[in-house]
Every structure is written in C-alpha cells, then in structure tokens.
4 protein chains.
Amino acid sequence: MGLKDRRLREKEQRRQQILDAARAMVLQYGVTAVSIQQIAKKAELSVGTIYLYFENKEEIFATLQEDVLDLLYEKISTAIKSIDDPREKIRQTAYAYNIFSIKYKQYFDIINYFLAPTEIIFPPNLKEKIDTHGNKILSLIVQAIEEGAKAGYFDTTNAKKCAVVLWGTIHGLLQFRKLKNTILKNDDFDEIYNYSVECFIKGLSKKTIAVR
Amino acid sequence: MGLKDRRLREKEQRRQQILDAARAMVLQYGVTAVSIQQIAKKAELSVGTIYLYFENKEEIFATLQEDVLDLLYEKISTAIKSIDDPREKIRQTAYAYNIFSIKYKQYFDIINYFLAPTEIIFPPNLKEKIDTHGNKILSLIVQAIEEGAKAGYFDTTNAKKCAVVLWGTIHGLLQFRKLKNTILKNDDFDEIYNYSVECFIKGLSKKTIAVR
Amino acid sequence: MGLKDRRLREKEQRRQQILDAARAMVLQYGVTAVSIQQIAKKAELSVGTIYLYFENKEEIFATLQEDVLDLLYEKISTAIKSIDDPREKIRQTAYAYNIFSIKYKQYFDIINYFLAPTEIIFPPNLKEKIDTHGNKILSLIVQAIEEGAKAGYFDTTNAKKCAVVLWGTIHGLLQFRKLKNTILKNDDFDEIYNYSVECFIKGLSKKTIAVR
Amino acid sequence: MGLKDRRLREKEQRRQQILDAARAMVLQYGVTAVSIQQIAKKAELSVGTIYLYFENKEEIFATLQEDVLDLLYEKISTAIKSIDDPREKIRQTAYAYNIFSIKYKQYFDIINYFLAPTEIIFPPNLKEKIDTHGNKILSLIVQAIEEGAKAGYFDTTNAKKCAVVLWGTIHGLLQFRKLKNTILKNDDFDEIYNYSVECFIKGLSKKTIAVR
DNA sequence: CATGAATGAGATTTCATTCAT
DNA sequence: GATGAATGAAATCTCATTCAT
C-alpha cells in the first residue's frame, strides 16, 4: 500500500516536473515556439517519458491552461480580497486582469491559444477540468455582481450572464492592446480599458436615479 | 499601350488568384494549418511563383486580413445602411458581427491570427494598410455613437473611445462562443451577447432619465 | 555598315554593363552569394537578357576573372614601373599582390573560385582568354627575373619556371591569411609573407659567394 | 555496464557512418555539390538523423577536414619516417603532398573549401580542433627544419615561420596544377614543383658555401 | 532583340511521434 | 517505467534557366 502511494506520488511529481518545464519554456519563448524536445531537455527527462505522461503536445498546453487560469484566479482573488464595495471589486478585477496580461504576457497567450485558433478538440476529461478552473474565476465576478445586486447598486437578475459579459469585454479589449501601434496609436489604451469597465458598471447600475 | 496594361492586369489577377487560394485554404483548414505549398497547389501555381508576388507567408495572411476587414466592413455597413436610430445601429452592428463570426468563422480566425499569438512584426506599409481597413470599421461605429450623442441619447465626448470599447467587447465575447460546450454549456450564448450590447448601450446612455 | 558597327558596339556595351553589375555585386557580397537575378537588377536589365549575352552563370564569373587578372596586372605593373633593381621588383610585386588580396578581397576570391573547387570545364575560347591574361602577369615576373639573371644577381636558366614558383608561393601564402586566427594566431602574417619572398630571392641568387 | 558502453559505441559508429558517406560523396562529386539529402541517402539514414549528430552541414565538412588533415599527416609522416637528412625530409614531404593532391584530389579540395571562399565562421570548438590537426602537420615540417638547423644545413632562427612558408608554397603551387592546360600547357608541372622545393631549401641554406 | 513571369527542383532545418531496448 | 535514437514528412525560401510574347 505504501508502495502504491509512493508510485502515485512520484507519478504526480513527474507530471508536475514536465508542466513546470513547459511553463518555463512558454514564458520564455511563447506558445508557438516550444517543442517537445525543448520541454524534455528543460525537464531533464527523455522525450519518450513526456509521452508517458501526456498523450500529445496539445494535452500539455491544455493542462498548462488550468495552471494559467489558477494563477489568474489567485491574482484576482488577492486583489479583491479586502474590498467591500462591489463596484470597486469589479474595477480591481479588471485592473488585476490588465496587469496579468502584461506581466504574464505569454500566459495570456496560452489562454488565447485555446480561444483563437480553429476548434481544438478537447478530450472530455480536460474539458471538464478547464471548465472548473474557468468557472472559479467566473464565480469571483459573479459573487461581486450578486453582492452589488443585493446591496442595491446593480439591477440584474442573472449575475452569471453579466460576469461573462465583463470577462469577454476585458479579455477582448486586452487583446486590442496589440493595436496600440496601429489603430490605437493616438489613444491611451489604459484609459480606454478603464472606461470600458466604468461603462460596464454603469450599464449594470439601476437606471432610475430619481431626479425630481 | 495595350501590352503594358494587360501585363499589369494579369499581374493583379495572379495576386488575386493566390489570395483566393489562400482564402479558400484558410476557410477550409484554418490559419495555422495552411502552408505555402498547399496554397501553391490550390492556386495551380508553383511555389516559386507565390514568392514572386509575396515576400513571405506572413504577407499573404496580412493581405488576406485586409480583405477580411473589408468584408466585415461591408457586412456591417449594409446592415445599418437604412437604419436611423443610433442605438439600433449599434445593435445591428453587433448582430452583423455575430453572424459574420459564424458564417465566416475562419475569416474571424484570421483576425484573431494577428490579434492573439506572439507579436508579429508587420512591415510598415502593411501596418498602415491594415490600419486603414480597421479604421474604416471603427468609423462606422464612431459615426453611430456620434449620431447618438447628437440626438441626445448618449452621454459621451469621446466617440472613438466608446467605439473601441464596443468592438473589443463584442469581439472578445464572440471568441467565448468556443466555450459554449464547457463553461457556457448551460447558457444561451446569443442571449449573453445581446445582453452585453444592451449593457453597452445603457452604459452609454445619459444617466438621468427623469422619473415623474 | 555603320548600322552593323553600332549594333556591335551596343552589344559590347551590354556585355560590359552586365559585367560591371556582376563585379559590383561580387565585390559587395562575395562570389557565392551573387545570383543572376541580383546581377540583372543591378544592371537594370532583365534576367533573360543576361542569358542572351552569357551562356550561364559560370561564364560571367570566368569573364570576370579576366578583369580581375587585368586589375592585378595593372597594380603590379604600376608598382614596379619605376624600379630598377630586379630583386626590388620582386619584392614590390609581392607587396602589390598582398595589398590586392586585402583591398580587393572579393576579387582575390574570384581567382580562387576557379582555382579551388572541382574542375570547372572552361569553354575553349575562355581558356585561351584567361591564358592570355594570366600570362601577362606571369610575364611581368618573368621579365624581372630575366633582368636579374642578366644583371648577374640570379642564377637561373628558366625564368618562367621561377616565376610560376613565385606566383604559386605568394598566392598560396595569401590564402593562409585566413588562418591568422587559428594556426597563425601567434604569428605576424606579413612578416612570414615577406620572409617567404626573401627566401625565394635568396633561393634564386647565385650560390657561390666566394669565401676564401 | 555493457549497455551504456554499447550505446556510446553505436553513437560513434553512426557518426562515422555519416562522415563516411559525406566523404564518399565529396570524393565523387566535390565539396560544393554535396547536399545533406545526398549524404543521408548514401548513409542510408534519414535526413533528421544527420542533424542528430551534426549541428549543420558546415560542421560535417569541418569534421571531415580534420580527417583530411589527419590523412595528410599520416602520409607525410610515413614518407619521412625513416629518412635522416633534413633536406631529404623536406623533399619527401613535398613529394607526399604532391601525391596526396593527386590521389586524394577531392580531399585536397576539402582543405581548399575552408581556405578559399568567403569567410566561414567556425564555432570555437571546431576552430580549436582544426587548429590542432593543422598544427600536427606543421610540426612535422618544423621538426625537419630544426633538425636541419641543428645539423648546420639551414640558417634560421624561426623554424615555424619557414614551415608555414613551405606549406603555403607547395599548397599554392599544387592549386596551380589546374592551370596545366592553360598557362602551364607547355611546362612540366612536376618539374616546376620540384624546383620550388629546391629553391626553398636553397633559400634556407647557409649562404656561405665555401668555394675553394 | 528584350523581357520577366514562371518553373520546380533543391537546400537546410525542425519536430511530433514511435518503438526497440 | 524510462530512454532517446530514429524517422520522414513538412515547412520556408532560393535560384538557374526557359520560353511565350
């Protein structure tokens, strides 16, 4: 029994070892530039061993994405931990996401890696996993919105819908940062970004602000 | 007189021939999967000939993107041509974008191709061109917002900023359609999408809606 | 008749135009890096036209070599024009060759281009031409040696043989300059070079220096 | 114990297999005409495998050159092994070099491959290696000259300088064999060659040869 | 004569994946 | 379980040469 446990533990360790290497390489060179050979070298394992723990390259990146989402979750989570005002929570969420997209640029690309290109077929178990990790982030936003609704700031009956909208909005805009040298060359990106968040908050707010 | 002209015309035709082939391949297999060889075969030209008309693969896709942006422009433009209400214009813009992202799924991916992955360095002339084509679309939205501001619906002094926000929002959300089987499996994507547009419009509207 | 003449003259001009371009490109980029397309562009002619005047790439370089040999001839010729002492003539010949190999490095490579690699089959007419141009250089050395023999400095009955030896010696050594960073990294190349010339002169000199 | 050893041995064997193929191809077609694909085919290996053992084409040829220099070393070494007279040693060195340049014509071209064309940048470790192999040959000549100096035949204080001169001389002249159908068509090349050696020896000898 | 578009083989290099040990 | 050598297709790009106009 102890043996079995150790085996299992070691197996998990190897997996992490590989993921650590993959993560490091991706952070350094970007998603597209990383090969299995490079990962193997970095992990100080043989190429064959990689395939013992992962079906293929795709699976590594998919698993990596869980990590990325977890990191993002943590960043957002930390950012809003001690904040009370739901509107401020949303602002800080967006801010943390912004910082994340700059500081962990290559991780941000991992998210895009699975978002952008032609349909990647996930094996069902991965689909579920990513689901879970993504939902955790979503739930942070959902919570903030629900609090806002309860506190009477927001006018919504479907917090999740709103949360997805926020996420889509800020993620989409953050991709547009790439346009800062072309279409947006005369604009302050961060100002636009912040504006979008305010716009979202305002759109969420109760319409009727009584004016006598 | 005729000779030089014809030469020029034929040259332009070849260029189109290549772009047609590239577009067809991209539509069928997606951006990442297409190679120069495949394009050459499809265009019934030799590989060398491709390089006679385009510096490299990147340039083909970049040129393709101009086409894509033009198509998108046309779709949106047509959709809002005969509409007067600025708010309805925005709704129809978003709707047209949504349809575009479904019907021309692979074209939508071409836009993402240049948005998502690791920095692609454009030669300056291409940068300018894409700039122009992207701005044309943006200006459609800008115009609608400005009309709305003039008509007293919207409360904004920077229409471009708002237009970028809208574009980022709907583009970002449309990418999330990919999540419809995972995170969004219990939600109606189109409903969320429409909601986000309404949210944007509301966020843009004058706050003070007199009551009583 | 005048027409025929002009035609002929123009034809020769075109040839020179091509050779000028080829020479310029070779000087700038080196023998191996130059393509017909580049030459055509530089000469402001079409690729097809090049092939109207030269059978193939090889022929261009071969013809170019004549030029190179002529240039070398001129350099040596000028260097020794006003010198009387045959031994000094040889020294200056070697010195001019040395300078030539540095200043016109790429031209020096043209000579090697036909010297080094596997047998290049010259068309007979080119063979003769190069023969002539090479012989002109050789004859400069021959003359100096013969003068030296006549003046009683040198002890030889076959000046041409000696001239070839000198040429081979200094040409061979000049190629060794490439080794200055490896095998010769601790040696002063020019000193070795000069020494070889002195050695040659000494070897040529009358053995019997009477010593009582 | 055996396993690791065998692996290593096999790996070395593969390397040799590749070098053998490369050498064979070079011998048959010359340095410039050989491609990686051809080498792979000859070696009955896949192209990818070649790149498993050598960084690039250059490295193969560089390694090959070490072999060539070793072979040349061996030929010279054998030729002078049992000779005492330093002057005869030099003669036999030159003779062996001459034979080598005829019998292993393509090998001789490998040496030229790295001598003649536009600067090839060696990775430092190869530079050192070739350095070593070249120096071994040089040292053979150096030794002969030093012996000659000690025996009172030669008048020199810098044997290495003289050795380089000899090497450059005979190597340069051997390249000129290519001219035997043009410039040297009326001359006996070998006679010239031998003369150059005698000239070198004489140039090296003490001037004062007592007469009467 | 002149053009220059077109060819298509060929060059180098990379890389996901397999499989015998 | 682990290894890592081997594969070989594929990718991008170049270039000498031809030929219809």
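Lettering follows sequence order; numbering is per chain, from 1.
- Rounding to whole angstrom units, CD1 of residue B:I60 and C1' of F:dT12 are separated by 11 Å.
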Can you list, pair by pair, the side-chain donor-acceptor contacts under 3.5 Å of residues 40-53 of chain A, counting residues two or more places apart and other chains?
| residue | atom | partner | partner atom | Å |
| --- | --- | --- | --- | --- |
| A:S46 | OG | A:T49 | N | 3.3 |
| A:S46 | OG | A:T49 | OG1 | 2.7 |

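- Considering only residues two or more places apart in sequence or on other chains, B:Q28 meets the side chain to side chain donor-acceptor pair (under 3.5 Å) condition with none of them.
- Nearest heavy atom pair, residue B:I111 against residue B:Q65, reads CA-NE2, 3.4 Å.
- Under the salt bridge (Lys or Arg N to Asp or Glu O under 4.0 Å) criterion, the residue pairs touching residues 15-26 of chain B are B:D20-B:R23, B:R23-B:D67, with sequence neighbours excluded.
- A 6.0 Å sphere centred on CD of D:E12 holds more than 12 heavy atoms belonging to other residues, nucleotides or ligands.
- Secondary structure note: stems in DNA chain F built from 3 or more consecutive Watson-Crick or G-U wobble pairs under 3.5 Å occupy E:2-21 with F:2-21.
- The distance between atom CD1 of D:I39 and atom P of E:dG10, rounded to the nearest whole Å, is 16 Å.
- Near DNA chain E, meaning a heavy atom under 4.0 Å away, the residues from residues 43-51 of chain B are B:L45, B:S46, B:G48, B:T49.
- Dashed line: the shortest gap from a side-chain N or O of A:K11 to OP1 or OP2 of F:dG1 is under 4.0 Å.
- In this structure, A:I130 and A:E66 have side chains that are in contact, with non-hydrogen atoms separated by less than 4.5 Å.
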Original post:
Stepwise, does the side chain to side chain contact (heavy atoms under 4.5 Å, CB included) test hold for B:L19 with B:F54?
Top reply: CA-CA 10 Å; B:L19 287 173; B:F54 295 92; 3.8 Å; yes
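- Around the NZ atom of B:K129, the shell of radius 6.0 Å holds no more than 12 heavy atoms that belong to other residues, nucleotides or ligands.
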Original post:
What's the verdict on side chain to side chain contact (heavy atoms under 4.5 Å, CB included) for A:F108 and A:V68, showing C-alpha distance, side-chain angles and the deciding distance?
Top reply: CA-CA 8 Å; A:F108 186 69; A:V68 173; over 6 Å; no
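- Looking at A:R6 and A:E10, a side-chain N of the basic residue comes within less than 4.0 Å of a carboxylate O on the acidic one, giving a salt bridge.
- Contact annotation for C:Y53: backbone-only contact, meaning every heavy-atom pair under 4.0 Å involves sugar-phosphate atoms and none involves a base.
- Residue-to-nucleotide proximity on DNA chain E shows that, of B:L52 and A:K57, the 5′-proximal contact is made by B:L52.
- Nucleic acid contact class of B:Q37 (heavy atoms, under 4.0 Å, all strands): base.
- Among the protein residues, C:K41 comes within range of no part of the nucleic acid, since none of its heavy atoms lies under 4.0 Å from any strand.
- Contact annotation for B:I36: backbone-only contact, meaning every heavy-atom pair under 4.0 Å involves sugar-phosphate atoms and none involves a base.
- What separates CD of B:E58 from P of F:dA11 is a distance of 15 Å, to the nearest Å.
- Less than 4.0 Å separates DNA chain F from at least one heavy atom of each of the following residues of residues 12-20 of chain A: A:R14.
- Within the 4.5 Å cutoff, the side chain of A:K105 has heavy atoms near those of the A:D109 side chain.
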